[in-house]
Amino acid sequence: MSWTTQILEDPLWQARHHHGSGAEAGGRRLVKTCLLQAECLVSQLLPESAWNAWKESGSHGQVALADYTSRQFVAASDEALSADVEGNTSWSVGLEPLELLSSSSKQISRRRRHKRASAKPVPPPYILERSDVCCSSPETIRIVARVLVFRNGQTIMSDEGNNHVVESNEIKNAIDAQIRQILSSWSNDCFNIANAMNYVATSVLQHNLRQELQSETGLNAVAFVANAAILPRKSGASQAPMASPPAVPFLAPEGSEMTHTVRIPLSQLLVPFLKSKMVDMHQQDAADSVVLSGLLVPRGVSLIVGGGYHGKSTLLRAVAAGVYNKIPGDGREFCVTVSQALNIRAEDGRYVNNCNVSGFIGNLPAPPPTNGHIPRAPDTKHFSTGEASGSTSQAANVIEALEMKTTAFLVDEDVGAANFLARDGRMRALVMDESITPLLYRVNGLYQTHGVSSIVVVGGVGDWLDVPHHVILMEKYSCFDATAKARSVSKQFSHGHVQYAGRGVVHRLEWDQDEYTPIPRRPSDETAKALDRDTTALGLMEGGTGLAFHQIHSDDSSNSSESDVDGEDDRYIDMSRCEQLLGKKPQLYGCGLAALWILKACRENPGLGLSDLLDRLDREIDQNGLLSVLAPDDSATQHELIEHLGFMYRPRRLEVGQAICRLRGILFEELPIQVNEAKIKARAEEERKKREMMEIWNARRKKG
């Protein structure tokens with residue numbers, strides 16, 4: 001098996017070398033680090049049958065193979081990735097995956113004190129496009145890793161002397177040959193063909209199922225949860241599946257119209273490599289498709305109800321994770337959701353700028369007068385705040401999701417603002433002057449007007465039973481169809497309900513597209529110039545749940561991001577409550593780099609709104625690759641990426657949009673929209689008729 005290699009300068013080596021080389025265990029001395037870019041033809045990794053099948057898998061198969069390769073590379077023992085240089089035992093070479101770079105560089109002293117800290121990180125169970133291992137072409141796989149060069153034995157030599165020897169052609173050629181030998185041995189010993197192709201087949205099948213869900217001529221649904229899936233996780237801190245028992249395998253309700261057996265197309269060359277307990281082998285009668293049985297969540301408004309600790313939120317989390325492909329053995333491989341589904345929750349304290357929340361928030365009170373000045377009430381069509389409440393933050397999240405073309409809202413009452421989600425009749429009777437129109441009254445209008453579905457977890461507010469098309473009941477971790485019973489309960493308890501504020505039947509208000517739908521926005525030129533991609537550096541905030549931007553100063557470019565942000569109220573992004581950012585820090589960092597790309601593209605394309613810019617970013621990455629778009633070769637951005645994390649995951653367009661909207665200090669400007677004169681005239685005529693009817697009604701009341 002032949003690997004081609006290219007040795008590049010390690011941007012971290014100079015910083016490390018400045019502090020001196022460290023003596024390693026066994027008398028070895030680290031004298032040099034480099035970056036390795038190694039490539040191998042996939043046809044040499046896979047036998048002919050697997051190679052032919054892989055060629056049928058497309059880009060999702062390429063991402064899956066790269067993901068499997070990276071996991072095997074990280075899992076390889078230190079011995080498998082290191083060896084003495086052949087013919088010169090004074091030197092030895094080791095390869096370090098970039099995924100381990102941050103832990104090895106920043107935690108080395110801790111590892112010496114605590115052996116447990118040296119455990120390798122467990123990658124998330126999601127098949128995500130990544131920057132360090134990828135298919136650089138449809139036929140080639142590329143690995144970027146760090147090379148560690150050691151001087152063996154107890155020979156005393158200065159760092160300068162060691163470096164001089166390392167740079168000699170003889171030693172460089174010997175090291176390069178040894179690197180190729182290590183890679184060949186690793187790929188022969190650690191690369192399991194059957195497991196690799198199972199990764200590919202599983203990922204491609206999930207993608208094909210998602211395409212069927214999104215197709216109006218296909219399943220035309222929001223999510224699918226396969227029978228036998230293991231939804232609960234081992235613990236709140238783990239992404240590994242819980243053992244079964246005690247975990248209860250998922251089973252769709254018998255006799256329900258939501259229970260479906262679906263046939264998903266899959267290349268007949270890939271089908272033999274698929275290994276899963278969730279595949280219905282009894283109905284597997286075609287060579288080019290796979291049969292799955294489970295719960296199909298239709299488009300529209302669906303509720304997940306049940307008692308506390310019966311599995312409602314667990315089911316919703318599985319649906320939320322379904323926007324990503326998952327590895328075999330995760331337990332939720334065939335829990336698949338449309339790609340543009342988004343969690344909507346309260347985020348009190350978040351930043352909001354120029355957002356039209358008038359569909360949910362209106363008639364806000366004006367602040368009290370000060371020094372004779374009478375302030376105006378906040379304009380909820382252009383709402384801005386640095387400290388949003390729970391309700392206003394969730395309203396902004398809904399509107400921004402609409403702006404970014406979300407197709408499904410995922411809502412859990414446990415993390416929602418109570419007064420934003422619902423408001424019962426007694427509270428309406430007591431508090432007449434209410435500024436909030438709850439989501440409960442809007443979900444049907446949003447679906448009818450924009451086609452946006454909603455899946456809502458409910459356990460305490462029965463008014464929600466008036467609005468759904470389907471109701472899923474979780475009881476003792478088992479799933480039941482409670483749609484008919486919910487409609488019966490709604491009919492019984494809704495008798496005598498009146499209209500809400502005179503605007504329509506309670507809980508089913510229309511969504512006024514002209515008034516409430518967000519106008520396309522774009523980051524202002526002022527913001528884009530302040531965060532220019534070429535002069536702005538990116539850092540992770542403490543805790544790894546936020547991003548900070550700081551200017552690169554020519555006199556001191558080494559300043560940390562934290563030092564530039566401390567004391568300021570802008571240039572940072574809190575993503576701690578963006579719950580579908582499941583790739584953790586590497587995906588969060590990818591969001592930050594993507595946000596900088598968007599800000600630059602915004603200046604170059606003044607006519608494009610945020611949603612169009614996100615679409616353009618996706619197209620660029622699809623065509624040119626993640627690294628070349630967000631962190632080009634040998635750029636300061638790439639050096640910072642290696643310094644902070646070593647690698648990044650590709651973020652979804654929705655999380656990139658969330659990052660931009662949460663950037664403190666960002667200013668949005670609205671794009672001009674074409675005025676529909678016919679609609680304006682029709683609206684004016686409608687208002688005129690309403691006034692006439694009101695006058696007639698008032699006249700009759702006076703006579704009575």
Side-chain angles (χ1 to χ4, degrees), residues 350-355 382-386 396 400 403-404 518-541 546-575 588-621 624 628-632 634-641 644 648 651 653 655-673:
R350 69 153 286 195
Y351 178 86
V352 179
N353 182 258
N354 197 15
C355 185
H382 304 88
F383 184 72
S384 299
T385 180
E400 290 168 352
E403 181 182 9
M404 294 184 286
I519 297 173
R521 302 177 302 167
R522 64 185 295 276
S524 68
D525 286 341
E526 178 184 347
T527 301
K529 289 177 182 177
L531 293 175
D532 184 84
R533 188 184 183 192
D534 298 326
T535 60
T536 302
L538 174 66
L540 289 171
M541 300 290 284
L547 296 164
F549 299 94
H550 67 99
Q551 295 298 309
I552 300 175
H553 304 294
S554 58
D555 56 337
D556 186 10
S557 60
S558 64
N559 287 343
S560 68
S561 58
E562 289 81 4
S563 64
D564 279 62
V565 173
D566 285 347
E568 297 183 6
D569 192 36
D570 56 8
R571 291 187 181 172
Y572 74 87
I573 302 170
D574 179 9
M575 297 285 282
L588 173 62
Y589 200 86
C591 278
L593 293 181
L596 288 175
W597 188 95
I598 291 287
L599 291 173
K600 182 176 182 180
C602 176
R603 295 177 64 186
E604 298 169 350
N605 302 274
L608 295 183
L610 178 58
S611 183
D612 292 330
L613 290 168
L614 293 171
D615 290 340
R616 176 164 291 194
L617 171 64
D618 264 0
R619 289 195 300 270
E620 286 287 330
I621 295 177
N624 302 311
S628 62
V629 173
L630 299 186
D634 203 31
S635 64
T637 305
Q638 189 177 95
H639 293 176
E640 287 178 356
L641 170 63
H644 283 89
M648 65 176 159
R653 64 185 295 281
E655 275 71 40
V656 176
Q658 285 184 316
I660 292 172
C661 291
R662 284 157 180 75
L663 173 60
R664 285 196 169 268
I666 192 171
L667 300 176
F668 282 105
E669 57 189 26
E670 294 178 347
L671 293 175
I673 58 173

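Both backbone and side-chain heavy atoms feed into the values below; hydrogens, waters and symmetry mates do not. These numbers were taken from a predicted model, which means no experiment stands behind them.
If you take CD on E670 and NE2 on H382, they are separated by 4.0 Å, rounding to the nearest 0.5 Å. Here CG of N605 is found 9.5 Å from CG of D612. Values are rounded to the nearest 0.5 Å. Separation of atoms CD (E620) and CG (D618) is listed at 10.5 Å; rounding is to 0.5 Å.
Here the closest non-hydrogen pair linking Q638 and A631 is NE2-O, 3.1 Å. Closest heavy-atom contact between R571 and A530: NH2-O, 3.8 Å. Between A659 and M575, the shortest heavy-atom contact is CA-SD, 3.6 Å. In terms of heavy-atom proximity, L538 sits nearest to H644 at O-CE1, 3.3 Å. Among all heavy-atom pairs drawn from P651 and V656, the shortest one is CG-CG2, 3.6 Å. What you find for L671 and P606 is that their closest heavy atoms are CD2-O, 3.8 Å.
Not a single donor-acceptor pair under 3.5 Å links the side chain of T535 to the backbone N or O of Q551. Checking side-chain atoms of E669 against main-chain N and O of S524 turns up no donor-acceptor pair under 3.5 Å. Proximity of a side-chain donor or acceptor of N354 to a complementary backbone N or O of F668 within less than 3.5 Å is detected. The backbone N or O of I666 sits less than 3.5 Å from a side-chain atom of Y351, completing a donor-acceptor pair.
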Exercise for the section: Dump the intermediate steps for side-chain contact (heavy atoms from CB on, under 4.5 Å) on C602 and T527, then the final yes or no. Expected result: CA-CA 10 Å; C602 176; T527 301; over 6 Å; no

Problem - Intermediate values then yes/no, side-chain contact (heavy atoms from CB on, under 4.5 Å), L531 and L663 - result: CA-CA 11 Å; L531 293 175; L663 173 60; 3.4 Å; yes

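Using a 4.5 Å cut-off on side-chain heavy atoms (C-beta onward), R653 and L617 make no contact. A 4.5 Å side-chain heavy-atom check between F549 and I573 finds at least one atom pair inside the cut-off. Taking the side chain as every heavy atom from C-beta outward, N353 and L667 approach each other to under 4.5 Å.
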Identify each donor-acceptor pair in which a side-chain atom of residues 590-599 lies under 3.5 Å from a protein atom, sequence neighbours left out, and give them as a table.
none

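Under the rule for a side-chain hydrogen bond (donor to acceptor under 3.5 Å, both in side chains), the partners of D574 that lie at least two apart in sequence or sit in another chain are S576. Considering only residues two or more places apart in sequence or on other chains, R619 meets the side-chain hydrogen bond (donor to acceptor under 3.5 Å, both in side chains) condition with none of them. For D525, the salt bridge (Lys or Arg N to Asp or Glu O under 4.0 Å) partners at least two apart in sequence or on another chain are R522. Scanning for side-chain hydrogen bond (donor to acceptor under 3.5 Å, both in side chains) contacts around H639 gives D634, with sequence neighbours left out. E526 is linked by a salt bridge (Lys or Arg N to Asp or Glu O under 4.0 Å) to nothing, counting only residues two or more places apart in sequence or in another chain. Looking at residues two or more places apart in sequence or on another chain, you find a side-chain hydrogen bond (donor to acceptor under 3.5 Å, both in side chains) between E403 and R521. The side-chain contact (heavy atoms from CB on, under 4.5 Å) search around T385 returns V352, F383, A388, not counting sequence neighbours.
Listed by first then second residue, pairs satisfying salt bridge (Lys or Arg N to Asp or Glu O under 4.0 Å) with a partner in residues 527-537 read D532-R603, not counting sequence neighbours.
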